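What follows is a single structure, written as structure tokens, with notes after it.
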Amino acid sequence: MKLTRITPWLRTVLFAGTAAGLLASCSTLNYYSQAAQGQLELLSDARPIDDWIADPGTSTKLRHRLETARQIRRFAVAEMALPDNNSYKNYAALKRQYVLWNVVATPELSLRPLQWCFPVAGCVNYRGYYSKAAAQAYAQELRDAGDDVEVGGVAAYSTLGWFSDPLISTFINYPDGELARMVFHELAHQIVYAQGDSQFNESFASTVEEVGVERWMERFGNPQMRDAYARYRSRKKDFLALLMKYRKALEQNYAVVDRSDAEKRAVKVRLFQELKDEYQVLKGNWGGYAGYDRFFDQPLSNAHLASIATYEDFVPAFRALLQREGSFPKFYGAVKRLADMDSADRHRVLNAMVPPLVTAPLMVQRSETPPLAR
């Protein structure tokens with residue numbers, strides 16, 4: 001349902017080994033070790049798309065998906081001026097549903113996600129694990145400490161060009177429009193990425209994704225494909241609106257000064273039940289589509305809504321900027337200039353084009369590192 005940026009975390013893996021050895025506990029080193037090992041295993045499992053296509057052991061279905069992905073990748077370079085590097089030119093077949101699992105946590109009566117801080121990388125509001133069991137073990141430590149926790153599977157992530165990100169079996173079977181969207185979105189992050197400004201980064205990548213899919217559909221799409229992608233976009237918009245509705249209601253509940261913690265807990269339980277009930281109505285409107293059911297696999301908590309934000313807040317502004325610049329290369333240059341600004345200044349410029357609808361959530365920092373998975 002959501003794409004996850006984990007670049008700061010991977011920068012820790014790349015650059016913090018020496019610092020970790022000097023400053024961190026044994027458990028911290030274990031965490032870095034699993035992250036580095038998981039990334040290296042992913043890269044070692046990847047083979048060039050052309051090799052997979054030529055391999056007689058490759059199934060007809062996979063060969064077709066890889067041919068489509070190769071076409072999408074070439075379009076990204078030729079028509080969108082996205083990076084012509086080795087990202088998404090290799091494919092890795094994993095024996096698991098997700099490439100990794102993220103742990104997100106909040107206080108019991110707050111929607112502000114906790115953060116963990118590392119040498120060099122700075123602070124992030126999740127912990128990424130290549131092992132589901134390790135993610136669940138750490139999540140239980142947080143629950144035992146009284147936090148709300150979600151463990152969410154991640155199908156794809158970006159290393160911002162630090163590595164050659166491969167196509168992965170976890171998302172290769174997405175419908176054509178969604179596969180194109182994912183590739184365009186992740187490659188856009190390799191062009192511009194403003195540290196600590198998810199609203200800016202995601203809105204920019206979403207703009208590139210949207211315009212790219214529109215143009216790719218014009219060239220290679222058919223009525224059935226366009227209709228399927230339109231339904232996907234509509235369902236996603238409906239689901240995010242539902243989550244934002246209940247996020248706002250929970251925020252209002254926790255902000256009531258003269259309401260006891262016990263009363264807030266009771267309202268919290270009621271609101272989450274109403275969210276589940278309203279989701280069933282939404283599914284009915286979708287004709288029974290169950291693609292978001294996995295969001296409800298775990299008991300709902302604040303952590304489920306902590307990272308939900310309107311990451312398309314600045315999309316209208318970026319689309320206006322693209323139209324003004326007239327080409328992708330000039331557009332990217334203008335966005336890079338925005339990224340070089342102070343965050344307040346860049347938001348002010350974008351607000352002058354089209355005011356954003358929602359401000360980004362505040363974060364609760366945990367200095368240094370909390371107890372890590374063993």
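Please read all numbers here as calculations on a predicted model, not as lab measurements.
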Passes side-chain contact (heavy atoms from CB on, under 4.5 Å), Met80 versus Arg215? Steps please. CA-CA 9 Å; Met80 301 174 64; Arg215 297 185 183 184; 5.9 Å; no
Kindly say whether Ala306 contributes a backbone atom to a donor-acceptor pair with the side chain of Arg247 at under 3.5 angstrom? yes
Whether over 12 other heavy atoms sit under 6.0 Å from Lys283 NZ: yes
Does a side-chain heavy-atom distance below 4.5 Å link Arg143 with Asp147? no
Run Gln273 and Leu300 through side-chain contact (heavy atoms from CB on, under 4.5 Å) and show every step you take. CA-CA 9 Å; Gln273 184 58 53; Leu300 291 180; over 6 Å; no
For Ser260, does its backbone N or O pair with a side-chain atom of Glu263 as donor and acceptor, under 3.5 Å? yes
Would you say Met353 ends up clustered with Phe318 if hydrophobic residues are merged whenever their side chains have heavy atoms under 4.5 Å apart, either directly or through other cluster members? yes
Kindly say whether Val103 contributes a backbone atom to a donor-acceptor pair with the side chain of Arg127 at under 3.5 angstrom? no
Between the side chain of Thr106 and the main-chain N/O of Asn302, is any donor-acceptor distance below 3.5 Å? no
Could you check whether any side-chain heavy atom of Leu114 comes within less than 4.5 Å of a side-chain heavy atom of Asn125, counting everything from C-beta outward? no
Main chain of His347, side chain of Asn351: is a donor-acceptor contact present, judged purely on distance under 3.5 Å? yes
List the steps, then state whether side-chain contact (heavy atoms from CB on, under 4.5 Å) holds for Leu42 with Val99. CA-CA 8 Å; Leu42 177 63; Val99 62; 4.1 Å; yes
Should the pair Tyr31 and Tyr129 be assigned to parallel (<30°), tilted (30 to 60°) or perpendicular (>60°) ring geometry? perpendicular
Do Arg47's NZ or CZ and the ring of Tyr91 fall within the cation-pi criteria of under 6.0 Å and 45°? no
To the nearest 0.5 Å, atom CE of Met182 lies from atom CZ of Phe171 at 3.0 Å
Roughly how far, to the nearest 0.5 Å, is the CG atom of Leu142 from the CG atom of Asp148? 10.5 Å
Please check if the distance between the ring centroids of Tyr279 and Phe239 is under 6.0 Å. yes
Mark yes or no for whether Arg96, through its side chain, and Ser131, through its backbone, hold a donor-acceptor pair below 3.5 Å. no
Between Ala139 and Val149, the two heavy atoms sitting closest are CB-CG1, 3.5 Å
Please determine whether a side-chain nitrogen of the Lys or Arg among Arg63 and Glu67 lies less than 4.0 Å from a carboxylate oxygen of the Asp or Glu. no
What distance do Asn90 atom CG and Leu167 atom CG have between them, rounded to the nearest 0.5 Å? 8.0 Å
Please find the pair of heavy atoms, one from Ala205 and one from Ala188, that lie closest to each other, and give the distance. CA-CB, 3.9 Å
Among Lys268, Lys248, Arg270, Arg259, find the residue that satisfies the side-chain hydrogen bond (donor to acceptor under 3.5 Å, both in side chains) test when tested with Asn253. Arg259
Donor-acceptor under 3.5 Å (Asn201 side chain, Asp197 main chain): yes
Distance alone, cut at 3.5 Å: any donor-acceptor contact between the side chains of Tyr292 and Arg235? no
Quick check: closest heavy atoms across Thr58 and Trp52, and the distance to 0.1 Å? OG1-O, 2.5 Å
Other residues, nucleotides, ligands: >12 heavy atoms within 6.0 Å of Gln280 CD: yes
Any chance you could measure Leu187, atom CG, to Leu160, atom CG, to the nearest 0.5 Å? 11.0 Å
Are the side chains of Asp238 and Trp286 in contact, using a 4.5 Å heavy-atom criterion? yes
Please check if any side-chain donor atom of Gln298 sits under 3.5 Å from a side-chain acceptor atom of His304, or the reverse. no
About how many Å separate CG of Leu242 and NZ of Lys245, when rounded to the nearest 0.5 Å? 7.0 Å
Can you classify the ring geometry of Tyr98 versus Trp101 as parallel (below 30°), tilted (30 to 60°) or perpendicular (above 60°)? perpendicular
Applying a strict under-4.5 Å side-chain criterion to I, L, V, M, F, W and Y, I'd like to know whether Val269 and Tyr246 cluster together. no
Are side-chain N/O atoms of Gln39 and Tyr130 paired as donor and acceptor at under 3.5 Å? yes
Please check if the side chain of Ser44 supplies one atom and the backbone of Glu41 the other of a donor-acceptor pair under 3.5 Å. yes
Does Leu40 belong to the same Ile/Leu/Val/Met/Phe/Trp/Tyr cluster as Leu100, with side-chain heavy atoms less than 4.5 Å apart forming each link? no
After noting the C-alpha distance and the side-chain angles of Arg65 and Asp176, does the key distance pass the salt bridge (charged side-chain N to carboxylate O under 4.0 Å, His left out) rule? CA-CA 8 Å; Arg65 298 310 301 149; Asp176 289 0; 2.6 Å; yes
Between Glu214 and Arg319, is there a salt bridge with N-O shorter than 4.0 Å? yes
Electrostatic pair Lys89-Asp50, nearest N-O below 4.0 angstrom: no
Can you hop from Tyr254 to Val256 via hydrophobic side chains spaced under 4.5 Å? no
Just by distance, with hydrogens left out, do Glu186 and Tyr88 show a side-chain donor and acceptor under 3.5 Å apart? no
Considering all heavy atoms of both residues, which atom of Ala105 and which atom of Ala303 are nearest to each other, and what is their separation? CA-CB, 4.2 Å
Contact between Arg74 and Arg70 at the side-chain level, heavy atoms closer than 4.5 Å - yes or no? yes
Say whether Gln190 and Asn85, considering side chains only, have a donor N or O and an acceptor N or O under 3.5 Å apart. yes
Give a yes or no on whether the backbone of Ser87 and the side-chain of Arg73 come within a donor-acceptor separation of less than 3.5 Å. yes
Looking only at side-chain N and O atoms, does Gln140 offer a donor or acceptor that is under 3.5 Å from a partner on Gln136? no
I need the minimum non-hydrogen distance between Ala81 and Ile191, along with the two atoms involved. O-CD1, 4.1 Å
When you check the gap from the basic side-chain N to the acidic O, do Lys95 and Asp45 get nearer than 4.0 Å? no
Output, in order, the C-alpha distance, side-chain angles, deciding distance and verdict of side-chain contact (heavy atoms from CB on, under 4.5 Å) for Val151 and Tyr138. CA-CA 10 Å; Val151 178; Tyr138 183 58; over 6 Å; no
Any side-chain donor near an acceptor of the partner, Asn30 and Gln34, under 3.5 Å: no
Using the ring of Phe75 (Phe, Tyr or Trp, six-membered ring only), decide whether Arg219 places NZ or CZ under 6.0 Å from its centre and within 45 degrees of its axis. no
Salt bridge flag under 4.0 Å for residues Lys264 and Glu108: no
Give a yes/no verdict on a cation-pi contact between Arg181 and Tyr229, requiring under 6.0 Å between NZ or CZ and the six-membered ring centre and an angle within 45° of the axis. no
Which heavy atom of Asn102 sits nearest to which heavy atom of Gly128, and what is that distance? OD1-CA, 3.3 Å
Thr159 side chain to Asp165 side chain, donor-acceptor N/O pair below 3.5 angstrom: yes
Pairwise distance CG(Leu321) to OH(Tyr332) - rounded to 0.5 angstrom: 12.0 Å
Are Phe314 and Phe200 close enough that their ring centres sit under 6.0 Å apart? no
Membership question, hydrophobic clusters at under 4.5 Å side-chain separation (ILVMFWY): are Phe184 and Val77 in the same one? no
